[in-house]
Engineer: 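This is the structure I want to talk about, given as C-alpha cells.
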2 protein chains.
Amino acid sequence: MRAQLVTIHDVARAAGVSPATVSRVFNGGKVTPARALSVQEAAAALGFAPNRVARSLRKQRSSVIALIIPDIENPFFTSLARGVEDAAQRTSLSVVLCNSDEDTDKERRYLEVALGEQMAGVIVAAASQDETDLGPLTDRRVPVVAVDRRPRDAEVDAVLVDNHHGGEVATRHLLQAGYHRIACITGPEGASTSEERLAGHRAALRAAQGGAAAADDTYVRHADFRVDGGRAAMRELLALPEPPDAVFVANNLMTIGVLDALREADRTPPGVGVLSFGDVPWASLVRPSLTAVELPSYELGRTAADLLLQRMDGGVSPVQTVVLRTKLQVRESTAGPARS
Amino acid sequence: MRAQLVTIHDVARAAGVSPATVSRVFNGGKVTPARALSVQEAAAALGFAPNRVARSLRKQRSSVIALIIPDIENPFFTSLARGVEDAAQRTSLSVVLCNSDEDTDKERRYLEVALGEQMAGVIVAAASQDETDLGPLTDRRVPVVAVDRRPRDAEVDAVLVDNHHGGEVATRHLLQAGYHRIACITGPEGASTSEERLAGHRAALRAAQGGAAAADDTYVRHADFRVDGGRAAMRELLALPEPPDAVFVANNLMTIGVLDALREADRTPPGVGVLSFGDVPWASLVRPSLTAVELPSYELGRTAADLLLQRMDGGVSPVQTVVLRTKLQVRESTAGPARS
DNA sequence: CCTCGTGGTGAAAAGGATTTCACACCGGTA
DNA sequence: TACCGGTGTGAAATCCTTTTCACCACGAGG
C-alpha cells in the first residue's frame, strides 16, 4: 500500500550512510562489506527500486534497446525478435519492440523516441531504403545495427541475408525438378531484398540457358510483400496465354496469397511448382509439401544483438556487415511437374 | 554532424528568452505569438529535440505505454498488439512491446522496467493468473489494464473474451453437424481461459444430453496452448479404444498440432470434426475448410488501449470489465462426419 | 489618480540517481 | 616521528526539463 516512491536518500538515511554510498552498493563501487549489507537490508525493508529515469538522465543512456521492425504480424520478424531478446536476456538490457508497419512516418517517430529516450542502442529493419534516416542516431553516437535490410548510405553495422544466393538456389531447384516456365514474384522495386532475390533468380535461369541471356520479364512481377499482393500477382500470371508452370515467390506472406490464387484456379503443387523465399508460417505443418528457402530469422536477430552489444562495449571500430546464408528446405515428397 | 545535444537552454539563448518560455512553447503554455515564433525558429535552426528522459523525470511520468504479451509468435497477440498501437496512434503516446514468453520471471522483469521507467500505463496479458503481481504498479497508481486474461485478485480494468459462450457455441456447432463423440483439448489447468472454454464445452454437451450430466472426462485433455502440446494431446485421443469423431481445440496453435496429428493418422476434416477457438493463422487461406470461433483480437487491443487512455485521463473511478463476444466463423462447405 | 486584476515572463527549485572531488583515516616505510 | 599511498566516504555538482512563485507592466474601473 506504499504509494510514495522510495528514493536513494530514504535508503541512505535508514542505513545511516550517504546517498553516494547507496549508489555505490547498487553499482559495484567500493564499499565496506558491513556497510553494504546494512544498505541492502535497508533497501529491502523499504522496498526500494531504483528510478531508472533519473539514472538514465544522469548516465545519459538508458538500459533499454529498441528493435524496430516493419511488420509485427509477419512471423519472420517475430522470430527475429526472439533472437534479439534471447541475446539481450543475458545482459541487463531490456528490449522494446516497435512496429513501424512499413510506414516511414511511424518509423521516424519511433527513431525519435529512441533518441529522446536515450536508448542504449537500436536494431532496425528499415521500412525504406532511402527514407529511413539513421543520421540523428549515429550523430549522437547511439549504436545502431541494421538487420535484414540496410538503409542506403548509412554508416552502420548490418546483418543481412544472402538474398542473391537464396534466389539462385531456389530457382535452380525448380529447374532441376523439371519445371520450364518459371515465374518470379518479388517485392517492391527499389527494395534491396526484392532486387537481390530477383537477381539470383535470373542468374539461375541464365545459367540454365547456357548463357543465352535473354532478359525476359514476361514472368516477373513486383508486388508488395503482402498476402494480397501475392495473390494478385499470381492471378495475373495465371491469366497469361502461356502461364508459368512454376513460381519463385520472394517472401512468405506473398506465398500464402499465391497458394490461394492457385487453389482458386484449381492448380495446386506439385502440378505447379511453388518455392517460397522464407518459411510459410505453419504451412509446413498443415501442408507439408512445400519447399522453401529457409531464412535464419532467429540467428539474424541474435547476431544483430550480439553486434550491438559489441558496439556498445566500444569494441570494434570499423563498420561490420555480416551475411548469413539461407538453406533450402526440401519438403516435397513428390517433386516435379506432371509429366506430359 | 552535430554531436552535442541541444538543450532547452541553447534554444532559449538563441531566441533571447528564458528556458521556461521555451518549455511553454512546446507544452502549450501561454506565450505571446511573436515570441513563440522566434522560439520555434531557433529550435528548428538548432535541431532541438526535447530530452524525453529529463521530461519524464520531472513530470514523474513518461509518454510511453507498455504492452506485455506472453507469446509474440502467436498471431492472436500480434493482432491484439496492432489494436493497441492503432488506438495509441491517435495520441502522443508510443507503445513498446514486451514479450514475457509465458515466463513469470521475464514478466516480472518487464513489470519492473515499466515501473522504473515510469511508464504512463501498462496493458498486460498475464503469463500467470496467480504469480503475476500487479501490486507494485497499482500501488504507485500506474494505470493498468488486463487483457485476455485477468490475474486473480488484481484490482484493475480488464478486457476479456466471452470464453464460456465461445466454447458452448463451438461444441454446439459440432453437435449440430452430426458428431457424437466430441473431445476437448484445452489449455493448462488453472488458467481462466482454459477453464472457461472447457466449461462452455461441457455446458453444450450437457444440454444435448438433456440434463443427464454425466461428467465424463475421457475425451478431455489439458495441454499447454502450443503446437506440440496440441499434437501430443490429439495423438493420445486417437489412441483411445473408441477415439472421438470430433474435437474442440481451445486455441489456435494447438489446432495446428491437432491437424498435424490427424494428418499423421490419415484422418482429416471433415471426416473428423475440428473446431478451433481462435483463427488458425493463415490456414483459412491455405486450407479454407476449417470452422473456428473467431476472436476479436484486434478489438481486444483497441478496447484495452481506450480503457487505459480513459483511466489515464482520470476519468472513471470504478474498476471496469469489458467482455467481448466471439463469433463462429463457419467455413466448411461439406460439414459433418461421413455418414455410416 | 489610485487600485485591482490579469496575463506574460524569468529565476530558481524540484525531480532522483551518478560521479567528481576533497578529505579523513589507516598502515607501512624512511 | 614524519611522510606517503591507498581506500572508503560524503558533500555537492550534474544531467535537462517542468513548474512554482514572484514580479512587472498594462488596462480597466472606481
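Throughout, protein chains are lettered first and strands after them, A, B, ... in sequence-line order, and every chain is numbered starting at 1.
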Engineer: Under a 4.5 Å cut-off applied to non-hydrogen side-chain atoms, are A/D148 and A/F77 in contact?
Structural biologist: yes
Engineer: Just how far, in rounded Å, is C1' of D/dT17 from CG of A/N51?
Structural biologist: 14 Å
Engineer: Which pair of non-hydrogen atoms, one from B/A120 and one from B/I65, has the smallest distance, and what is that distance?
Structural biologist: CB-CG2, 4.2 Å
Engineer: Taking only nitrogen or oxygen atoms into account, show me every contact under 3.5 Å that the protein makes with nucleotides 23-27 of chain D, one pair per line with its distance.
Structural biologist:
none

Engineer: Contact class for A/R52 vs. all strands (heavy atom < 4.0 Å): base, sugar-phosphate, or nothing?
Structural biologist: nothing
Engineer: Is B/S23 near enough to D/dT17 that one of its side-chain N or O atoms lies under 4.0 angstrom from OP1 or OP2?
Structural biologist: no
Engineer: What is the distance from CG of A/L57 to C1' of D/dC16, rounded to the nearest Å?
Structural biologist: 6 Å
Engineer: Of the nucleotides D/dC16, D/dT19, D/dT17, which one has an atom closest to the side chain of B/I8?
Structural biologist: D/dT17
Engineer: Closest approach of A/G121 and A/V142, non-hydrogen atoms and distance?
Structural biologist: CA-CG1, 4.1 Å
Engineer: Take the protein atom CZ of B/R24 and the nucleotide atom P of D/dT18, then report the distance between them rounded to whole Å.
Structural biologist: 11 Å
Engineer: Indicate, with a heavy-atom threshold strictly under 4.0 Å, whether B/V22 touches base, sugar-phosphate, or nothing.
Structural biologist: nothing
Engineer: Hey, which of these two, B/A54 or B/A20, hits DNA chain D nearer its 5' end, going by closest nucleotide?
Structural biologist: B/A54
Engineer: Just the rounded figure in Å: distance from P of D/dC16 to NE2 of B/H9.
Structural biologist: 10 Å
Engineer: Mind checking which nucleotides bracket the chain A contacts on DNA chain C, 5' to 3', with an atom under 4.0 Å from a heavy atom?
Structural biologist: C/dG16 to C/dT20
Engineer: Should the pair A/E102-A/R226 be classified as a salt bridge under the 4.0 Å nitrogen-to-oxygen rule?
Structural biologist: no
Engineer: Using a heavy-atom cut-off of under 4.0 Å over every strand shown, decide if A/V53 touches base, sugar-phosphate, or nothing.
Structural biologist: nothing
Engineer: Expressed as a whole number of angstroms, how long is the span from A/L115:CG to D/dC16:P?
Structural biologist: 13 Å
Engineer: Looking at every strand, decide which applies to B/F48 at a 4.0 Å heavy-atom threshold: base, sugar-phosphate, or nothing.
Structural biologist: sugar-phosphate
Engineer: On a heavy-atom basis, which atom in A/S100 and which in A/K106 lie closest, and how many Å separate them?
Structural biologist: O-CB, 3.6 Å
Engineer: Within this structure, what is the CZ-to-P distance between A/R13 and D/dA11, rounded to whole angstrom?
Structural biologist: 13 Å
Engineer: Under the 3.5 angstrom rule, does the side chain of B/T138 hit a backbone N or O of B/G135 as a donor-acceptor pair?
Structural biologist: yes
Engineer: Ring centres under 6.0 Å, that's the criterion: do B/F225 and B/F76 meet it?
Structural biologist: no
Engineer: In whole Å, I'd like the distance from the CZ atom of A/R61 to the P atom of D/dC16.
Structural biologist: 14 Å
Engineer: Distance from B/R311 atom CZ to B/L308 atom CG, nearest 0.5 Å?
Structural biologist: 9.5 Å
Engineer: Between A/T7 and B/T21, who's closer to the 5' end of DNA chain C by nearest nucleotide?
Structural biologist: B/T21
Engineer: Start at the 5' end of DNA chain C and walk down; is the nucleotide closest to B/Q118 or to B/R35 reached first?
Structural biologist: B/R35
Engineer: Which atom names give the shortest non-hydrogen contact between B/V113 and A/S94, and what distance separates them?
Structural biologist: CG2-OG, 3.4 Å
Engineer: Is it true that, when you exclude A/E131 itself, more than 12 heavy atoms of the residues, nucleotides or ligands shown sit nearer than 6.0 Å to its CD?
Structural biologist: no
Engineer: Decide yes or no, distance alone: a donor-acceptor N/O pair under 3.5 angstrom between the base of D/dT17 and the side-chain of B/R58.
Structural biologist: no
Engineer: D/dC16, OP1 or OP2 - any side-chain N/O from A/Q60 closer than 4.0 Å?
Structural biologist: yes
